[in-house]
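Computed from heavy atoms alone, side chains included, the values below leave out hydrogens, waters and symmetry copies. For this chain, numbers begin at 1 and follow the sequence in order.
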Amino acid sequence: MRMHCLPAHRRPLPRPSRRPDPRHLLLLLLLFSATSLGLLAYYVSRSSRRVSLSSASTPNRETQTTHVPFRPLQSCSESLVKGIKHRRSTENLAPSQMKPNISGSLFAKHSWLGTHRNVPVVLLFLETHYSSLGQEIIALLEGARFGYQLEVAAAGFKGDLPSLRAPDGQARFAAVVFENVLRYVRLDGHKKKLLEKYCSQFGMGIIGFLQINEHGSPGPELPGLGLHVQTFSELKHATINPSATALRLTRPGNTFSGLLPGREWSAFHWNASTFQPLLLAYPIACQPSQGQAETVVVYDRGLQDGVQRVIFGNGLFFWLQRLLFVDILAAVSGGRLSLKLDRYLLVDIDDIFVGKDGTRMRPSDVEALLTAQNHLRDLVPNFTFNLGFSGKFYHTGSALENAGDDLLLAYRHHFWWFPHMWNHMQPHLFPNETFLAEQMRLNKQFAIDHGIPTDTGYAVSPHHSGTYPVHPPLYQAWRRVWDIRVTSTEEYPHLRPARHRRGFIHKGIMVLPRQTCGLFTHTIFYRQYPGGPEELDRSIQGGELFFTLLFNPVSIFMTHLSNYGNDRLGLYTFEGLLKFVRCWTRLRVQTLPPLAVAEKYFQLFPSERKPLWQNPCDDKRHWEIWSKENSCDRLPQLIIIGPQKTGTTALHAFLSLHPALTPSLPSESSFEEVQFFNGNNYYKGINWYMDFFPISSNTSSKLRFEKTANYFEAEAAPERAAALLPRGRLIAVITSPTDRAYSWYQHQRAHGDSTALNHTFLEVVSAGPEGSPALQALQHRCLNPGLFSTHVQRWLQYYPATQLLLLDGQQLRSKPATLLDSVQRFLNISPYFNYTQALTYEAHKGFWCIKVKEGKPRCLGKGKGRKYPDMEAQARVALLEYYHTHNLALVKMLNRLGLPLPLWLREELFTSQPR
Ligand code: A3P
């Protein structure tokens with residue numbers, strides 16, 4: 001049913017609105033006065049016809065309809081900052097009237113949750129993988145770092161619910177989101193009850209979207225929810241309910257004036273006190289004075305059945321809906337999915353002294369910068385611009401611009417400073433630390449000569465060069481010359497999507513994610529902003545820039561000298577953004593010096609301290625800023641991942657015979673193994689790893705491989721390997737876990753492990769919690785690698801099964817040539833190598849060895865194929881029991897992968913009993 005501005009008495013009304021609410025009347029009055037003021041301003045401005053950049057940044061819609069389509073509430077942002085002027089500004093603005101008041105907030109103590117994307121905390125039902133609303137929801141959840149689990153209707157979801165509780169009975173999800181709310185209301189009775197019981201028990205809620213265009217019309221009612229639905233093709237003037245109780249980030253009571261983006265809006269009416277409007281808007285033909293506002297986002301507080309629900313009467317076209325969606329997740333999840341209110345903002349102005357003639361700052365621009373900084377401190381305590389300089393370009397502009405350089409230096413104590421490269425050159429082009437250090441010393445001398453502080457501990461590299469992918473000489477020179485402790489980049493792990501940018505620490509330098517604000521060296525005129533000035537305004541007013549600040553507790557924005565000359569777009573952007581943020585949110589934005597901000601960042605996200613190295617050849621931008629000394633031909637395509645004592649050394653030795661394969665160089669510290677993905681070597685960086693795979697003309701076409709047998713059970717190894725070598729092939733060898741454990745125990749004894757020497761194998765395998773910590777640790781290291789299915793499953797979370805070859809260790813021992821043929825097929829390498837001819841069985845060793853032309857066969861060393869007494873029968877029984885359930889899981893896994901069961905597995909299961 002469509003209704004257009006019907007008289008109020010003909011519509012079903014929300015109960016609280018049957019009598020005129022004094023707050024609504026007040027709101028209407030405010031709206032009316034705001035509109036009148038706007039009209040007045042329009043006529044005034046038309047008479048003087050000069051459009052100032054400053055007025056474009058202020059919210060007077062009517063004066064700017066040509067280039068500022070979205071603007072904040074008239075009565076809000078105009079009054080926030082006093083006296084910020086741009087080159088073309090003519091007016092002084094009134095001082096801030098608004099003080100954020102969030103005392104008594106329900107959520108003040110909640111912290112960030114779901115900081116790892118893989119931890120699902122939102123159960124998300126989508127219609128298809130590709131729907132634009134679905135993508136928008138995912139982008140918002142990821143932006144807020146809330147993990148989610150997807151259930152997709154088009155992928156076979158028939159209304160079945162995944163298990164809502166963890167095995168210990170705890171809740172698995174903190175909120176449930178339906179892209180199509182009709183899928184929720186039409187759930188079969190039993191499942192709906194189950195879901196609602198879960199929600200009411202754990203104090204969680206449901207969010208749903210009613211998109212008439214996409215999901216069809218539910219008719220005049222949303223069955224079972226007590227809501228009547230009315231459809232409007234267009235709506236205008238959106239107001240956040242001033243008495244909304246569930247909002248935390250959003251400042252209630254503000255009104256967006258103008259047509260709302262998106263068509264076919266559903267509005268909700270009800271007759272129960274459990275409902276509360278969150279967002280209200282007016283039908284297009286109605287004046288605020290003519291009719292009452294329609295509710296387009298409604299909140300069911302759960303007063304009737306203990307289940308909170310929020311229904312959006314459209315998708316997420318409109319930025320206020322997106323803000324409300326992120327915000328309301330806190331309420332429906334009982335505070336589990338909430339963003340903190342504190343934001344740390346750092347604005348870097350890079351390329352000080354570098355800009356081209358005509359783009360640089362003149363003295364008046366420098367004065368404006370300082371004035372703006374002082375005024376912005378009303379909004380952002382301690383707000384200070386952070387200036388990055390390249391001394392070589394000092395005084396290389398016009399006379400006026402050179403005077404601008406001098407004024408910047410005269411005001412140097414008002415700003416923070418950080419070094420760029422002296423010559424603004426890209427460090428990755430210089431393989432040598434000495435040269436980089438020389439360049440840095442020149443810049444440092446410049447700083448000393450001009451009284452610029454040199455101890456801020458922060459630096460940024462031109463074009464992100466050398467920061468990520470890491471260029472080791474840059475990090476070394478930074479530490480040596482400047483004692484740099486913090487830097488920032490947009491490139492880790494990748495530039496896009498921006499919401500996935502993260503930080504890491506390398507060689508004692510904290511690398512922070514840097515955010516994009518849309519200003520580049522060439523962005524110097526408002527009207528020439530790429531895509532039109534509306535793009536910039538949209539980004540500031542509820543667009544990308546606004547959400548960047550909303551989502552990131554720490555935002556470091558990079559701007560350039562040229563953004564503060566000419567139209568001073570840097571000032572325009574940050575003034576506009578901060579006013580807008582103050583107007584619509586309760587965020588508490590402040591500025592901290594780089595070192596403090598970095599410490600704050602890694603306190604908030606401690607798991608990001610450890611880097612995850614990506615393959616630089618998989619990202620064009622990374623490739624371009626990677627030293628040309630490097631090459632992806634120096635990374636392996638195959639890894640033998642272990643586990644230890646399954647025959648991996650024999651496999652490595654035999655594969656090294658193949659003419660199409662090149663093994664890594666042996667490591668001096670860890671025998672032949674590289675040991676990169678599993679331990680601290682990983683923090684040495686990928687250059688360290690690549691040194692094991694030198695290129696030479698006759699090996700470049702060969703397939704490079706390495707073997708490190710304890711990658712297999714190392715928790716971090718699969719994720720790290722997949723990040724660097726996503727297309728790499730893996731080989732794991734599985735053999736009797738019982739025999740493998742005993743072989744490992746003997747290996748420890750042979751290497752003088754005192755715990756192994758002091759305990760029998762039976763004592764090791766049967767040690768309980770009363771055993772010494774050393775004995776327990778030994779037991780864990782001995783038995784853990786034999787939990788084959790657990791470890792293989794972990795690798796298969798990161799690699800497709802087609803890239804993993806599982807070999808039978810018993811066959812490797814008894815019929816290596818047959819097995820090696822299967823490896824050749826798996827790797828698809830040529831020429832075919834005849835292992836039957838290359839290997840020979842040596843009876844004295846009891847193993848297969850390598851034939852050597854005119855000489856004794858070459859067997860593995862005495863540490864491989866040792867002679868030791870048979871395992872004690874009791875220990876074998878204990879181990880067979882121990883591995884019984886794991887072996888059953890292995891059978892399941894092999895069946896699922898379509899692989900045959902090894903003989904030893906069948907035998908062990910046949911003789912063992914569950915423990
Ligand atoms: P034992 O020394 O206990 O017999 P890894 O190299 O992964 O550490 O595995 C060592 C085991 O490989 C040896 O354990 C041995 O059983 C097995 N193996 C398989 N083929 C071999 C071969 N051709 N030469 C020596 N050991 C071999």
Side-chain angles (χ1 to χ4, degrees), residues 346 348-354 384-396 405 408-409 412-413 415-492 503-512 514 556 558 560-561 593-599 602 611 625-630 683-688:
L346 187 64
D348 288 351
I349 308 181
D350 223 347
D351 290 357
I352 294 293
F353 310 127
V354 179
T384 306
F385 286 109
N386 195 26
L387 312 189
F389 62 98
S390 291
K392 185 178 175 198
F393 301 93
Y394 170 63
H395 269 188
T396 52
D405 287 357
L408 270 177
L409 287 173
R412 63 190 176 281
H413 296 302
F415 304 111
W416 294 333
W417 293 82
F418 65 94
H420 225 25
M421 279 288 165
W422 161 254
N423 197 7
H424 200 257
M425 88 297 178
Q426 299 186 15
H428 78 277
L429 300 175
F430 302 87
N432 183 327
E433 185 203 333
T434 320
F435 178 77
L436 292 176
E438 268 167 26
Q439 293 283 306
M440 287 182 191
R441 280 194 195 97
L442 290 171
N443 219 22
K444 191 168 183 182
Q445 193 54 52
F446 174 87
I448 293 166
D449 294 345
H450 291 86
I452 296 173
T454 57
D455 59 354
T456 56
Y458 178 69
V460 165
S461 173
H463 305 278
H464 309 269
S465 151
T467 313
Y468 191 77
V470 164
H471 184 50
L474 172 67
Y475 281 66
Q476 287 148 15
W478 261 345
R479 288 308 303 261
R480 192 183 305 265
V481 179
W482 285 99
D483 192 21
I484 293 305
R485 304 278 316 286
V486 187
T487 184
S488 60
T489 184
E490 293 169 353
E491 297 294 338
Y492 177 76
F504 66 95
I505 303 180
H506 182 56
K507 301 279 177 202
I509 296 183
M510 295 179 272
V511 183
L512 295 177
R514 202 153 82 195
I556 302 187
M558 177 55 69
H560 301 88
L561 176 82
L595 211 55
V597 101
E599 270 150 21
F602 289 105
I625 52 173
W626 203 34
S627 168
K628 297 303 163 236
E629 306 276 296
N630 296 323
Y683 305 116
K684 294 178 179 164
I686 64 172
N687 287 62
W688 180 90

Q: Would you name the heavy atoms of Phe430 and Met425 that are closest together and state the gap between them?
A: CE1-CG, 3.2 Å

Q: Taking the side chain as everything from C-beta on, heavy atoms only, tell me whether Lys392 gets closer than 4.5 Å to His424.
A: no

Q: Between Leu512 and Val486, what is the shortest heavy-atom contact and its length?
A: CD1-CG1, 3.9 Å

Q: Please check this pair: side chain of Asn443 against backbone of Ser390, looking for a donor-acceptor N/O pair closer than 3.5 Å.
A: no

Q: If I take atom CG from residue Asn423 and atom CZ from residue Phe393, how far apart are they, to the nearest 0.5 angstrom?
A: 5.0 Å

Q: Compare every heavy atom of Lys507 with every heavy atom of Arg479, then report the nearest pair and how far apart it is.
A: NH1-O, 3.2 Å

Q: Go through Phe446 and Phe353 one step at a time and tell me if the ring-ring contact (aromatic ring centres under 6.0 Å, His included) criterion holds.
A: CA-CA 12 Å; Phe446 174 87; Phe353 310 127; 5.6 Å; yes

Q: Would you call Phe389 and Asp405 a side-chain contact if the rule is heavy atoms closer than 4.5 Å?
A: no

Q: Atom CZ in Arg485, atom CG in Leu595: separation rounded to 0.5 Å?
A: 5.5 Å

Q: Enter the distance from Phe415:CZ to Leu408:CG here, rounded to the nearest 0.5 Å.
A: 6.0 Å

Q: For residues Tyr468 and Thr487, determine if any side-chain heavy atom of one lies less than 4.5 Å from a side-chain heavy atom of the other.
A: no

Q: How far does NE2 of His464 sit from CZ of Arg514, to the nearest 0.5 angstrom?
A: 4.5 Å

Q: Backbone N or O of Val354 within a donor-acceptor pair of the Tyr394 side chain at under 3.5 Å?
A: no

Q: Which atoms form the tightest heavy-atom contact between Asn432 and Thr434, and what is the distance?
A: OD1-N, 2.6 Å

Q: If you look at every heavy atom in Pro431 and Pro473, which pair is closest and at what distance?
A: O-CG, 3.3 Å

Q: Which of these passes side-chain contact (heavy atoms from CB on, under 4.5 Å) with Trp416: Leu346, Ile349, Leu387?
A: Leu346

Q: Would you say that Ile625 contacts Pro469 through its side chain, given a criterion of any heavy-atom pair below 4.5 Å between the two side chains?
A: yes

Q: Heavy atoms, side chains only, cut-off 4.5 Å: are Phe385 and Ile352 in contact?
A: no

Q: Would a 4.5 Å heavy-atom cut-off, applied to side chains only, mark Leu474 and Met421 as touching?
A: yes

Q: What are the two closest heavy atoms between Met510 and Phe602, and how far apart are they?
A: CB-CE1, 3.6 Å

Q: NZ of Lys628 to NE2 of His428: how many Å apart, nearest 0.5 Å?
A: 5.0 Å

Q: Do side-chain atoms of Arg412 reach the backbone of Leu409 as a donor and acceptor pair under 3.5 angstrom?
A: yes

Q: Which value, rounded to the nearest 0.5 Å, describes the distance between Met440 atom CE and Glu433 atom CD?
A: 8.5 Å

Q: Passes side-chain contact (heavy atoms from CB on, under 4.5 Å), Arg441 versus Arg480? Steps please.
A: CA-CA 10 Å; Arg441 280 194 195 97; Arg480 192 183 305 265; 4.1 Å; yes

Q: With a 3.5 Å cut-off and sequence neighbours excluded, list the donor-acceptor pairs that the side chains of residues 452-460 form with protein atoms.
A:
unit_1, atom_1, unit_2, atom_2, d
Thr456, OG1, Trp417, O, 2.9
Tyr458, OH, Asp348, OD2, 2.5
Tyr458, OH, Ser488, OG, 2.8

Q: Given side chains that start at C-beta, do those of Leu436 and His471 come closer than 4.5 Å, heavy atoms only?
A: yes

Q: Would you say that Phe435 contacts Gln439 through its side chain, given a criterion of any heavy-atom pair below 4.5 Å between the two side chains?
A: yes

